[in-house]
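Hydrogens, waters and symmetry mates are skipped; everything else that's a heavy atom, side chains included, is used.
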Amino acid sequence: MTDIPTRYSPKDTEDKWYKTWEENSLFSAKADPAKKPFCIVIPPPNVTGILHMGHALNDTIQDILIRYHRMKGEESLWMPGTDHAGIATQNVVEKSIAKEGLKRQDLGREKFIEKVWEWKEQYGSTIIRQLKKIGASCDWQRERFTMDEEYSKSVVEVFTRLYEKGLIYKGSYIINWCPRCQTALADEEAPHHDLQGNLYYLRYPIKGQSPKHNSEGNLSGADPYIVVATTRPETMLGDTAVAVNPKDKRYKKLIGETLILPLANRQIKVIADSMVDMKFGTGAVKVTPAHDPNDYALGKKHNLEFINVMRPDGFMNKNAGDYNGMDRFEAREVILEDLKEKGLLEKIEPHGLSAGHCYRCHTIIEPYLSEQWFVKMKPLAKPAIEAVKKGRIKFHPKRWTKVYLNWMENIQDWCISRQIWWGHRIPVYYCKDCQKKCQSPSGRYPVKDSVIVSKIRPEKCPKCGSSDIYQDEDVLDTWFSSWLWPFATFYWPDKPRSENELKYFYPTSALVTAPEIIFFWVARMIMAGFEFMGDIPFKDVYIHGTVRDIEGKKMSKSLGNIIDPLDIINEYGADALRFSLISITAQGQDVFLSQERFEQGRNFANKIWNASRFVLINLDHSKVNTDLCVFFKKEDLDIVNRWILSRFYSTLKEAGKKLDLYKFNEAANLLYGFFWHEFCDWYLEIIKPDINKTHNQVVMYKVLEKFLRILHPFMPFISEELWHKLDENKGSIMLEPWPHLQEPLIDKKTELKMDSVFEAITAIRMMRSELKIQPQNKINAEIFVKSKSRKELISSMLPLITGMSKLQGLSLKEDYAPLKTQYVKILRDMTIVIPLSGIVDVDKLKKDKEEEIKKVESDIKAKKNILSNENFVKRAPGEIVEKEELKLEELKKTLTELKGIRDGLK
RNA sequence: GGGCGCAUGGCUCAGCUGGUUAGAGCGCCACACUCACAUUGUGGAGAUCAUAGGUUCGAAUCCUAUUGCGCCCACCA
């Protein structure tokens, strides 16, 4: 009959079509003034990345948008690429060389970077290959990498521009320090997590109030001291003051007193500052300016000494005295022991706290005083806030606007230096000779005087001519390169190369991303857009939900709850993966995923496959070449064909609207419902007996053909495969236009008429089922129609109703008179009667009718109540009141009929 | 401490600007394979729309409070 298999096999089509698309450069876009541009830049995945469900969702959404707009005739560019992901990649390569027993320091900076590049060449395109598996139609010829030579030029350009503008500065501040990665982290890179810790109460003796010693020489509880509370006792070695609130009566007379810092045996002062919360702990707080941001501020204000007691690796340093060389947590234990021994540990209380964790290795970060580079953010934030407030950039869903604005309005300066090797090295050079000249006796020198910021390595110092120059050791935060993504990917600032394209594609159209990186990336791109391009980088930001497992937990390797998209593609196909993901992703809601979800997508693909198979088996190609318009003009199509066309165009219209509103799931579900339940379940079943009729041939072919086109953005592979099965001479479906909306063919009247017909068929099927009449048992039925117009309709549809409900015969009768041994169903505008052959349990039917009567009676009562409410009649709109009145009339009629039927059942 | 989101049939979710009978998928029950598809078809059961107030002629829908779950932000030592 046909050589099309009864099951769709994704494996036979997906790779084949992807290859064809790629080989024919169907994804490539170029500035074409004759067309409207549509552009999305991909959120560049980490080179170390492997595709997870989050990517699958993110990239499916983008691919749908790109394919949709491409079909709508827009020049659609999906700009792809990867991110060098400084810390993440460095960690991965460090792990890999650790297998050979090597550390990065063993190799040295240059050799290590070489290793990273080698690693990148070998494994860096994994995720790109995987993106291709899901069907991503990126313009791969444009693929960029944030460490490319050209891209690096953009980064350096931006750094120097900002420096010259005075927006980049170097300074000593308390930053988030990861002792494992041994680098500074931006605030966003050190998310806080709750921990169960303790609040330790320490006693600091007051000098000059001669402590009374016990026999062992230790302090007793009665001695004069101040009690401070801390969660990190090991930092006490760096204390340079104890602060109290000036209003605090308990401590008023102690202000200005000197304390003996235990274990360190240093003298520190009691200072007063209103920042101190009297209600917390004891109201007295130890001040460690080198290890806590608040204390740092206090230290600056009160001119305190900054004593750093920790090494970059999280071990105590020589300032820690006896504790030098201990790990910070080990030191904590030992210090507590020692204090306890000396009677200086008053008590320990359990205390919940939250501490920053390294977003890469999850080590608890250490607030750490160090010299870092920062970007002043307030001036950059200003236009970026305006743009969103004025609606030039819109978030979808809207609520993220607030989150964005809240962060932007409280923005802090951005720490951009990282003490790692893999990344864009800071384009800052220092002149050693200049440094010597302005060095202070303490060994410090003002940074400004020896700094040379330069796009290329300078030969000699522009100030003194010295060639004794070295480059800053640090590299830039990865986001300092990705925030340029929407224009640096076009080779900005290389004018000859970028100008034309940027003019065309920038601002890009939409950005699709997850909520986690609104601050990291989205906000910063907006700022960079204004600063360097003078305009927004994109118009719409679509924020999709997070993919979680069925219990709502994030998918993660450690939890072992990962569903691998590649496994799903293997088992169900990429189209199934895409469709299932999309159909359950309500706008902005998190996605709760289980393996079974993908069956829906697979089943849908299979349904489409088989319906197409059915059409192909029955298709007479010579008939379908007729232009559909011929029928439109003559308006001589029968109602069934008019109905399916109306339904198709309604679906097209609605799905288009949903896509424009970023409501992908609703669009997907519209297609699903239309195809399965209207085209297959009703239309194809109805035309089956007359499938060779020209009208049916043309319409079934056209609807299927157009449906494949609107399906294509969602399920690109199967739609392409079937497209060619329908007509092997055609080019790729990718290049086909999105179907033109034939508004006049949307005909709600026809749809309502067909609904009546379907209602009749369903009712008869239900009656058969209730009466347990076997399908092979061909019975007769009668139908009574109330209104005149319906009478005509039903009369013309009798054969269809008879066939679809597997009746022997169905006769249209004028007036209904209750008879014995009948089974009756009352519908909105008709009544259906099946004569009983006496096998059935009449009492049961009677009972059922009694219940129906009760139901209708109570409905009538409710309606009457509503209508007797004066306020309702007065205030509700007239049409609503009329509707209610009409409904009541109908109910009354139905009641009369039902009673008649019940009485007939004797 | 602030902010946000979510609570709708056994499960996962739709339900736009308040208006007849609250939808879908999965699961469940019954029936049906000469018929494109059993990854199928037909029919069915199953929901006091978290709780308590309020606005309204009318609330799953709007407002307030409460409870439970989840997330984000924050310099509580």
Side-chain angles (χ1 to χ4, degrees), chain A residues 1-2 4 6-8 174 187 191-192 199 228-232 235 243 275-277 279-282 284-288 292-297 351-354 367 397 399-400 402-403 406-407 410 412 515-516 518-519 545-546 548 550 552-554 572 576 580 583-584 586 588-594 596-597 599-600 602-618 661 663 665-666 669 672-673 677 680-681 684-685 688 762 765-770 772 774-776 805-806 859 863 866 869-877 879-881 883-884 886-887:
Chain A
M1 185 159 57
T2 171
I4 305 172
T6 59
R7 282 196 186 180
Y8 172 56
I174 298 276
D187 293 341
H192 282 64
L199 199 53
V228 295
T230 179
T231 53
R232 292 187 298 150
T235 63
M275 246 178 80
V276 179
D277 180 357
K279 279 176 260 151
F280 191 87
T282 60
V285 56
K286 62 193 262 319
V287 183
T288 325
D292 182 274
N294 284 319
D295 294 7
Y296 176 81
H351 181 69
L353 65 141
S354 88
R399 64 186 147 91
W400 294 107
K402 251 184 159 173
V403 177
N406 186 44
W407 187 76
N410 297 295
Q412 303 293 313
E516 298 97 85
I518 292 179
F519 307 138
T546 307
R548 299 172 182 284
I550 204 69
K553 296 200 186 85
K554 263 192 184 175
Y572 301 100
S580 289
S583 70
I584 57 171
Q589 287 305 121
D590 286 354
V591 184
F592 289 57
L593 211 55
S594 68
E596 297 80 64
R597 281 288 179 187
E599 286 174 14
Q600 191 195 353
R602 176 200 59 186
N603 294 355
F604 187 41
N606 200 56
K607 188 72 183 179
I608 298 163
W609 182 260
N610 275 292
S612 305
R613 181 172 182 267
F614 172 77
V615 169
L616 281 163
I617 291 167
N618 294 291
L661 292 170
K663 299 195 172 178
N665 65 320
E666 293 180 33
N669 292 332
Y672 183 94
H677 299 305
C680 292
D681 289 351
L684 290 182
E685 291 304 324
K688 232 174 219 179
T762 306
R765 284 172 177 169
M766 193 173 112
M767 290 163 86
R768 296 184 58 124
S769 170
E770 279 169 349
K772 301 206 187 321
Q774 294 292 306
Q776 56 272 28
S805 47
K806 299 217 161 72
D859 285 353
K863 282 282 170 266
I866 294 171
N869 183 336
E870 259 179 59
N871 279 326
F872 173 76
V873 182
K874 241 192 299 183
R875 300 196 197 186
E879 51 176 318
I880 300 286
V881 180
K883 261 188 198 172
E884 291 296 319
L886 222 98
K887 179 76 193 170

Test side-chain contact (heavy atoms from CB on, under 4.5 Å) on A/D187 and A/F519 and set out the steps. CA-CA 10 Å; A/D187 293 341; A/F519 307 138; over 6 Å; no
A/R7 (side chain) and B/U39 (base): donor-acceptor pair under 3.5 Å: yes
Indicate whether OP1 or OP2 belonging to B/C4 is found under 4.0 Å from a side-chain N or O atom of A/K402. yes
Between A/S580 and A/R597 (side chain of the first, backbone of the second, donor and acceptor by atom type, cut-off under 3.5 Å), is there such a pair? yes
Nearest-nucleotide check on RNA chain B, A/G281 vs A/T6; residue mapping nearer the 5' end is A/T6
Grab the NZ-P distance between A/K688 and B/C37 for me, whole Å please. 8 Å
Looking at A/Q600 and B/A24, is any side-chain donor or acceptor paired with a base atom of the opposite kind under 3.5 Å? no
So, is A/H351 near the phosphate of B/C76, with a side-chain N or O under 4.0 Å from OP1 or OP2? no
Say we look at B/G3 and B/A77: how far apart would their C1' atoms be, to the nearest angstrom? 24 Å
Sugar-phosphate only, base, or nothing, as touched by A/Y8 at under 4.0 Å among non-hydrogen atoms: nothing
Ring-face cation of A/K688 near A/F614 (centre distance under 6.0 Å, axis angle within 45°): yes
Nearest-angstrom distance, C1' atom, B/A45 to B/C6: 29 Å
Please pick, from B/U21, B/U12, B/C73, the nucleotide with the shortest atom-to-atom distance to any side-chain atom of A/R597. B/U12
Taking the side chain of A/D277 as its heavy atoms from C-beta onward, which of B/U20, B/A77, B/C37 lies nearest to it? B/A77
Using a 4.0 Å heavy-atom cut-off, does A/T288 contact any base of the nucleic acid, only the sugar-phosphate backbone, or nothing at all? nothing
From B/G25, B/C37, B/G41, nucleotide with atom closest to A/D681 side chain: B/G41
Could you give the CZ-to-P distance, from A/F519 to B/G3, as a whole number of Å? 15 Å
Report the nucleotide, chosen from B/G44, B/A77, B/C75, that has the shortest atom-to-atom distance to any side-chain atom of A/M766. B/G44
Quick one: which of B/C76, B/U20, B/U40 gets closest to the side chain of A/N294? B/C76
When you measure from the side chain of A/F614, which nucleotide among B/A77, B/A36, B/G25 comes out closest? B/A36
At under 4.0 Å between heavy atoms, what does A/P367 touch on the DNA or RNA strands: base, sugar-phosphate, or nothing? nothing
With a 4.0 Å cut-off on heavy atoms, is A/E685 in touch with a base, just the backbone sugar-phosphate, or nothing at all? base
From the candidates B/G5, B/A36, B/G19, the one with an atom nearest any side-chain atom of A/F872 is B/G19
Please verify the inter-ring angle class for A/Y672 with A/F604; under 30° counts as parallel, over 60° as perpendicular, anything in between as tilted. tilted
Whole-Å distance separating the CG atom of A/D187 from the C1' atom of B/C72: 15 Å
Test for a donor-acceptor pair under 3.5 Å between the base of B/C37 and the side chain of A/K607, counting only N and O atoms. yes
With rounding to whole Å, what would you report as the distance between B/C28 and B/C69 at their C1' atoms? 28 Å
Distance col, row A/N603:CG vs A/N610:CG, nearest 0.5 angstrom, shows 11.0 Å
Identify the heavy atoms of A/L684 and A/A611 that sit nearest to each other, and give their distance. CD1-CB, 4.1 Å
Would one find a side-chain N or O of A/H192 under 4.0 angstrom from OP1 or OP2 of B/C71? no
If the cut-off is 4.0 Å, is A/R765 near the phosphate of B/G43, judged by side-chain N/O to OP1 or OP2? yes
Answer with base, sugar-phosphate or nothing: what part of the nucleic acid does A/V287 contact at a heavy-atom distance below 4.0 Å? nothing
Can you tell me if A/N669 touches the phosphate of B/G25, counting only side-chain N or O atoms and a distance under 4.0 Å to OP1 or OP2? no
